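Along the sequence shown, the residues carry numbers beginning at 1. The structure presented is a predicted model; accordingly, all values stated were derived computationally and were not measured.
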Amino acid sequence: MQASSRAIVSSQQGPHQDLMRRVQRARDSEWQRPPAEHTRLAFAEAARWLEAQCRPLILDAGCGVGLSTRRLAERHPDHAVIGVDRSELRLSRDHGALPDNARLVRADLVDFWRLALAAGWRPARHYLLYPNPYPKSTQLKKRWHGHPVFPSLLALGGVLELRSNWAIYVEEFALGVEALLGVEGKIAAFTPGVTFMTPFERKYYESGQTLWRYRVDLAASLPNGEPAR
């Protein structure tokens with residue numbers, strides 16, 4: 001093994017007992033906080049770029065150093081790929097030139113999702129690759145499925161793919177999707193190919209940890225069966 005990463009340790013042995021309450025609370029509440037100005041500006045620039053691309057969108061949410069954005073752009077040359085992360089340091093890491101169909105955006109992901117939804121974006125594909133699991137039982141509200149933005153994230157539609165090295169995180173996310181939209185996805189352990197999507201994927205795999213993947217097609221849950229763009 002070339003990498004060493006500790007497996008996630010948590011007092012949780014299964015989905016959080018408060019999961020459904022938080023998901024339903026997010027569904028029934030209207031979030032009033034206005035998006036941060038820096039994210040508004042970043043979104044406006046990304047929107048202009050996307051319009052000029054004239055291609056279906058792939059959204060790489062929480063892209064970290066942007067390696068996954070590059071990989072996705074290479075695999076899907078007929079799509080426009082936008083990677084979003086809040087860390088300027090991570091985004092500045094040198095992983096080579098971006099393909100012409102890729103763009104990295106420094107922005108608050110919570111606000112970016114809400115702006116994208118308000119602007120009518122409908123990504124064809126939407127990736128959440130190894131988000132921070134926040135494994136302490138007291139941290140449920142920090143996980144994406146326990147956060148108030150969860151309904152907005154799902155309302156964007158498209159084929160959503162979540163990857164994690166913590167099975168409980170993936171199971172909770174899937175339960176949240178089913179509770180809000182009545183849509184069932186597929187959870188499975190998987191082995192990456194020869195090209196890893198992210199540095200975390202490589203580290204977890206080379207440490208001998210099981211990697212989990214959840215895929216769900218949210219397009220059918222859009223109002224009036226609106227197709228993904």
Side-chain angles (χ1 to χ4, degrees), residues 1-20 22-23 58-76 79 81 83 85 95 109 123-137 139-140 142-147 150 153-154 156-221 228:
M1 296 294 178
Q2 297 179 353
S4 178
S5 176
R6 294 180 181 179
I8 292 175
V9 176
S10 174
S11 61
Q12 282 189 230
Q13 299 303 307
H16 200 289
Q17 61 184 5
D18 204 30
L19 174 65
M20 288 299 104
R22 289 207 63 88
V23 168
I58 294 177
L59 191 56
D60 184 14
C63 66
V65 298
L67 184 61
S68 53
T69 305
R70 291 169 170 83
R71 297 277 190 259
L72 289 168
E74 292 165 355
R75 294 180 185 182
H76 303 279
H79 287 67
V81 184
D85 201 271
H95 284 282
L109 188 52
R125 297 174 181 270
H126 194 165
Y127 288 86
L128 286 167
L129 302 177
Y130 306 96
N132 191 328
Y134 293 107
K136 294 182 179 179
S137 61
Q139 295 177 317
L140 172 63
K142 293 185 176 183
R143 303 170 198 166
W144 288 132
H145 44 273
H147 194 283
F150 190 53
L153 185 169
L154 300 185
L156 287 167
V159 176
L160 177 66
E161 180 167 327
L162 165 71
R163 297 186 187 184
S164 178
N165 62 326
W166 192 30
I168 289 175
Y169 189 101
V170 178
E171 184 179 357
E172 286 182 347
F173 195 100
L175 288 171
V177 172
E178 188 171 354
L180 283 185
L181 303 179
V183 178
E184 293 187 19
K186 182 178 180 180
I187 298 175
F190 78 100
T191 300
V194 294
T195 302
F196 295 95
M197 287 287 284
T198 78
F200 281 118
E201 186 163 89
R202 174 187 288 274
K203 181 170 67 171
Y204 298 150
Y205 177 71
E206 292 183 349
S207 297
Q209 298 182 36
T210 301
L211 303 181
W212 298 93
R213 179 168 57 199
Y214 166 69
R215 286 177 173 168
V216 61
D217 188 350
L218 302 176
S221 70

Tell me every residue that passes side chain to side chain contact (heavy atoms under 4.5 Å, CB included) with [X], counting only those two or more places apart in sequence or in another chain.
| X | answer |
| --- | --- |
| Asn132 | Tyr134 |
| Glu161 | Tyr127, Arg163, Arg213, Arg215 |
| Leu140 | His16, Asp18, Leu19, Arg22, Arg143, His145, Glu172 |

Answer whether the closest heavy-atom distance between the side chains of [X] and [Y] falls below 4.5 Å.
| X | Y | answer |
| --- | --- | --- |
| Leu154 | Leu160 | yes |
| Ile8 | Tyr169 | no |
| Thr198 | Leu67 | no |
| Pro131 | Leu162 | yes |
| Leu211 | Tyr130 | yes |

> What pairs meet the side-chain hydrogen bond (donor to acceptor under 3.5 Å, both in side chains) rule with one or both residues in residues 58-67, with sequence neighbours excluded?
Replying inline: Asp60-Ser68, Asp60-Thr69
Do you know which two heavy atoms are closest between [X] and [Y], and how far apart they sit?
| X | Y | result |
| --- | --- | --- |
| Ser207 | Ser5 | OG-N, 2.7 Å |
| Pro135 | Ser10 | O-OG, 2.6 Å |
| Ser164 | Val170 | CB-CG2, 3.6 Å |
| Ala61 | Leu128 | CB-CD2, 3.7 Å |

>> So, using salt bridge (charged side-chain N to carboxylate O under 4.0 Å, His left out) as the criterion, who are the partners of Arg75 when residues are at least two apart?
In response: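 Listed in chain order: nothing, the list is empty.
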> In chain order, what residues pass the salt bridge (charged side-chain N to carboxylate O under 4.0 Å, His left out) check against Glu171, with sequence neighbours excluded?
Replying inline: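 Here no residue qualifies.
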>> Does atom CZ (Phe200) have a neighbourhood of more than 12 heavy atoms from anything else shown, all under 6.0 Å?
In response: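 At most 12 heavy atoms, drawn from other residues, nucleotides or ligands, come within 6.0 Å of this atom.
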Listed pairs under 3.5 Å, donor-acceptor, residues 183-197 side chains, sequence neighbours left out:
none

> Excluding sequence neighbours, so at least two apart, what forms ring pair (Phe, Tyr, Trp, His ring centres under 6.0 Å) with Trp166?
Replying inline: none
> Which is it for Val23 and Leu175 under the side chain to side chain contact (heavy atoms under 4.5 Å, CB included) test, yes or no, and what are the steps along the way?
Replying inline: CA-CA 9 Å; Val23 168; Leu175 288 171; over 6 Å; no
>> Test side chain to side chain contact (heavy atoms under 4.5 Å, CB included) on Tyr205 and Asn165; report intermediate values, then the result.
In response: CA-CA 9 Å; Tyr205 177 71; Asn165 62 326; over 6 Å; no
